[in-house]
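This report concerns only the one structure given below.
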Protein chains: 4
Amino acid sequence: MASRATGGTADAQQGAKRPSQARTPQLERGRARVASLLAAGARVFAEKGYDAATMTQIAAEAGASIGSLYQFFPTKVLLAEALHGEQRVRLAGMLDKLGGDARKLSAADLADRVFAVMAEFLMLHPAYTTLVERRDVDPQRKRESRAQMENRIADLLAQTTPPLPRGRPQVIAVVIIELMKAIVTISTYEEDAMRAAAINELRVMLKTYLRAVCNAIRV
Amino acid sequence: MASRATGGTADAQQGAKRPSQARTPQLERGRARVASLLAAGARVFAEKGYDAATMTQIAAEAGASIGSLYQFFPTKVLLAEALHGEQRVRLAGMLDKLGGDARKLSAADLADRVFAVMAEFLMLHPAYTTLVERRDVDPQRKRESRAQMENRIADLLAQTTPPLPRGRPQVIAVVIIELMKAIVTISTYEEDAMRAAAINELRVMLKTYLRAVCNAIRV
Amino acid sequence: MASRATGGTADAQQGAKRPSQARTPQLERGRARVASLLAAGARVFAEKGYDAATMTQIAAEAGASIGSLYQFFPTKVLLAEALHGEQRVRLAGMLDKLGGDARKLSAADLADRVFAVMAEFLMLHPAYTTLVERRDVDPQRKRESRAQMENRIADLLAQTTPPLPRGRPQVIAVVIIELMKAIVTISTYEEDAMRAAAINELRVMLKTYLRAVCNAIRV
Amino acid sequence: MASRATGGTADAQQGAKRPSQARTPQLERGRARVASLLAAGARVFAEKGYDAATMTQIAAEAGASIGSLYQFFPTKVLLAEALHGEQRVRLAGMLDKLGGDARKLSAADLADRVFAVMAEFLMLHPAYTTLVERRDVDPQRKRESRAQMENRIADLLAQTTPPLPRGRPQVIAVVIIELMKAIVTISTYEEDAMRAAAINELRVMLKTYLRAVCNAIRV
DNA sequence: TATGAATGAGAGTTCATTCAT
DNA sequence: CATGAATGAACTCTCATTCAT
């Protein structure tokens, strides 16, 4: 062929329309494939990290041929993005369920629930942090998707009773998200006792703090 | 990539001595080389991450040939470990300087200082987290070096006045370390205002919490 | 690794400095390698055409490993360009030798010599046309290198005695070059008699024509 | 690429009937399909060249599925051949229309008409040269189809008044065909003025030459 | 027949590591 | 010790072709 990419890179300029989207399957069979490919991707990314995960292994893990994988995800990046997107939607959904109760709760109690939700989510989708932290995404995109998650949490926090001081929900959302990452890290620790203790410590720290913040405004 | 295999010409597993230690230079010239190689490694690891950093680039960045690099660091892993080791020593040194004042301070105030020290250190050595988080180190080693750092901080915390409840210093050390990672992450955010605010928020949260913990035992 | 090209295409944005030049060898050994790689490239490109030629085959033909090939020519395109460049220089050199006699000759006679030179060159470097015609070079470059060759020939034609009419040398240069390509094509015909006859026919046609053009201006 | 291998699932060389002919459609619908597939093929081959053209793109361009394409053209080669065949028939038809006037014309004037006809044809069917020059056709076939075209033109030339010397029509046919290829190449040049000038130059050169040849025999 | 998923050999390319000079 | 060439397994990605529905 006249111009091949890449295997690797080194493409010329021609209008080769390199796809920038995962292909959507038309048939039921295709939908099943996509699902199992995403699942396999999630497993492998979680286990090895983005870089060390190989497309070959992902295909194998999905019981598909490499060609089949590329049929739907024309690029490793695209696969990662599709997976990341899907998981973000899922997490968003779980958080949105908290919306109803938000105004009946104090920030501290809401934080507890958010914590619980996120912990459950991360248990279910251990690839999430790996995907969030990928080094080769352009900062713009990265910022946007971070902002989206932050806003969702900030919105919840803004509704609590008693209310948090102006502007705080946004910052606290950042804090919560970062604490979650810490929890993921800690989850990999091997000493069971310490692991539980440390995770609880983070939870309590946050609660204590939020209570203090609320009290501060009351006076 | 999945930790590239041995490479090179016919290797075989003869008694071929694969060194497991970075070679120590004999001559003065060698010491300078090693220093610039480590510096280059630090720069490249920080910029690209462990996987994407290539030995070739590191050598080039150090103004050395690839052969020269391998003379002193017979393996990418060994280079990373040497670097990591050096940086850990450095951080330990900086923390140890806090030892003298520890017993004159409350846990909250000590935390502030620890924060400051670590922030400075991480500014100087941005490769540190990358090296700490490398996925391909065996958990044993990982746990050990983590423990070492934790103990150092726990020891400091144990000396504060008023004292923290039994057992807490160890857990809180974990918390502090994780918060530092969060700070590193946040440092890469682009919105200046939010970045500063979030970092401060973490600091204040920790202080507030430590104060509460101290008060709790007093009563 | 964080970002891999291609194997294929699909690189991100990072400053991965993908080289755009063939590396120049430093040692004698390297120079020899490069020579044999270029020779192998020439052979394979000539035999199979650019697309069908594989880097693997070229390396094998040169008695080198694939890695060795890529050490000096980081891209198939770069190899082709290096080869093309080298051959253009060679052809230019051969044509320049005609410069001395140009003003002693009529256009028709000069054309004969140019023909002879190019025929010899193309016999020696059968990959030339393949490289010239590569579809994936940007038109800008293509135009430039064509112009260069044209000018060289036009300059020669401009010096003939009697002189050609103004402006004609440039157009005639184009004609000559295209006739050469025709000759290359015809050279692959299998019927010996026809092949020789056709090639001669082209030569005579050109001469006849140039004579007519010269006469036209004389009157 | 080096004419990609068989592909597909376990093939084996059983009595598996690999068709060597494009299937002829039975239904009206089929005929329309075939037409649009051929048209798409022509477009894509012309744009990208044979190697870089993909069956997938051709199918897409025809608004058909890849399966549908293979239904009628079980092989890329077969598609190319079908297309080539069709175009040859078309060109032959256009040339045959000149037959009536051939004996009223001089070779020079006939050449002009042949030129005009071929130029029109190539404008309409830009894939033609690509298909003619395909490197992977066996020389036997190549020679045959070339000969066919040459004969057709030689036959026309043989009828001109005054007649060309014995044997010349055949050689001159070769010359004309090659000149046409040159014109195709030149047509892609970007400098409008030079393009027109060069094309005209070729035309005039041929006429001048043919006139000279005729005169030569007359004497 | 039409559709779209499935297949897998093979291509370009990378990079840790080794070796000759 | 330094240098730079050599090596090759492994990786991402492509595309002709086949097959199930």
Side-chain angles (χ1 to χ4, degrees), chain A residues 1 4-11 18 23 25-30 33 54-56 64-72 74-76, chain B residues 1-11 16 18 25-27 29-30 33 54-57 59 64-72 74-77, chain C residues 1 4-11 18 23 25-30 33 54-56 64-72 74-77, chain D residues 1-11 16 18 25-27 29-30 33 54-57 59 64-68 70-72 74-77:
Chain A
M1 307 196 358
R4 179 89 86 165
T6 167
T9 349
D11 204 28
R18 187 184 279 287
R23 244 202 43 202
Q26 314 293 324
L27 277 52
E28 188 49 37
R29 182 169 46 142
R33 255 292 137 89
T54 79
M55 291 298 266
T56 308
S65 71
I66 185 67
S68 238
L69 171 50
Y70 274 92
Q71 188 100 39
F72 294 106
T75 280
K76 192 180 177 185
Chain B
M1 17 132 317
S3 45
R4 222 171 262 279
T6 331
T9 31
D11 184 20
R18 175 181 288 289
Q26 309 299 333
L27 281 56
R29 179 175 53 154
R33 253 292 133 90
T54 77
M55 291 299 266
T56 307
Q57 189 189 351
S65 70
I66 183 71
S68 210
L69 170 51
Y70 272 89
Q71 195 83 37
F72 295 105
T75 278
K76 191 181 181 185
V77 167
Chain C
M1 298 205 359
R4 179 90 87 165
T6 211
T9 354
D11 202 30
R18 186 185 281 286
R23 244 202 44 202
Q26 315 292 323
L27 277 51
E28 188 48 39
R29 182 169 44 142
R33 253 291 135 87
T54 80
M55 290 300 264
T56 307
S65 70
I66 184 70
S68 238
L69 170 51
Y70 273 93
Q71 189 100 38
F72 293 106
T75 279
K76 191 180 178 186
V77 167
Chain D
M1 14 140 318
S3 47
R4 221 170 263 280
T6 330
T9 30
D11 182 20
R18 174 181 289 288
Q26 310 299 334
L27 283 55
R29 179 176 52 154
R33 254 290 136 92
T54 76
M55 291 299 267
T56 307
Q57 190 189 349
S65 69
I66 183 70
S68 209
Y70 271 89
Q71 195 83 37
F72 294 105
T75 278
K76 193 182 178 184
V77 167

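The model shown is predicted, which means the values in this text are computed figures rather than measured ones. Just so it is clear: chains get the letters A, B, ... in the order the sequence lines come, proteins before strands, and each one is counted from 1.
Considering only side-chain atoms of S65(A), the nucleotide from dA6(F), dG8(E), dC15(F) that sits closest is dG8(E). Distances were taken from every side-chain heavy atom of R33(D) (C-beta onward) to each of dA16(F), dC13(F), dT3(E); the shortest belongs to dT3(E). Nearest to the side chain of F72(D), among dA11(E), dT17(F), dA2(E), sits dA2(E). Each of dA16(E), dA20(F), dA6(F) was ranked by its minimum atom distance to the side chain of S68(C); first place goes to dA6(F). Among the nucleotides dT12(F), dT3(E), dC1(F), the one closest to any side-chain atom of Q71(D) is dT3(E).
Where I66(D) and G67(C) each meet DNA chain F at their nearest nucleotide, the meeting point lying more 5' is that of G67(C). Each of Q26(A) and R29(C) lies near DNA chain E, and the nucleotide nearest Q26(A) is the one positioned closer to the 5' end. Between A64(C) and T56(D), the residue anchored nearer the 5' end of DNA chain F, judged by the nucleotide with its closest heavy atom, is A64(C).
To the nearest angstrom, P of dT7(F) lies 12 Å from CG of L69(C). Here dA6(F) presents its P atom at 20 Å from CE of M55(B), a figure rounded to the nearest Å. At whole-Å resolution of the value, NZ in K76(C) and C1' in dT13(E) are 13 Å apart.
L27(A) comes within 4.0 angstrom of sugar-phosphate atoms only, judged by non-hydrogen atoms across all strands, and of no base.
Here F72(B) contributes atom CZ and R33(B) contributes atom CZ; the two are 7.5 Å apart, rounded to the nearest 0.5 Å.
Considering every non-hydrogen atom in both M55(C) and L69(C), the closest pair reads O-CD2, 3.3 Å. Taking every heavy atom of both residues into account, G30(C) and P25(C) meet most closely at C-CB, 3.5 Å.
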Exercise. In dot-bracket form, how is DNA chain E paired, counting a Watson-Crick or G-U wobble pair only if both its distances are under 3.5 Å and using | for bases paired to another strand?
Worked result: .||||||||||||||||||||
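One finds no side-chain N or O of T54(C) lying less than 4.0 angstrom from the OP1 or OP2 phosphate oxygen of dG10(E). The phosphate of dT13(E) (OP1 or OP2) has a side-chain N or O of Y70(C) nearer than 4.0 angstrom.
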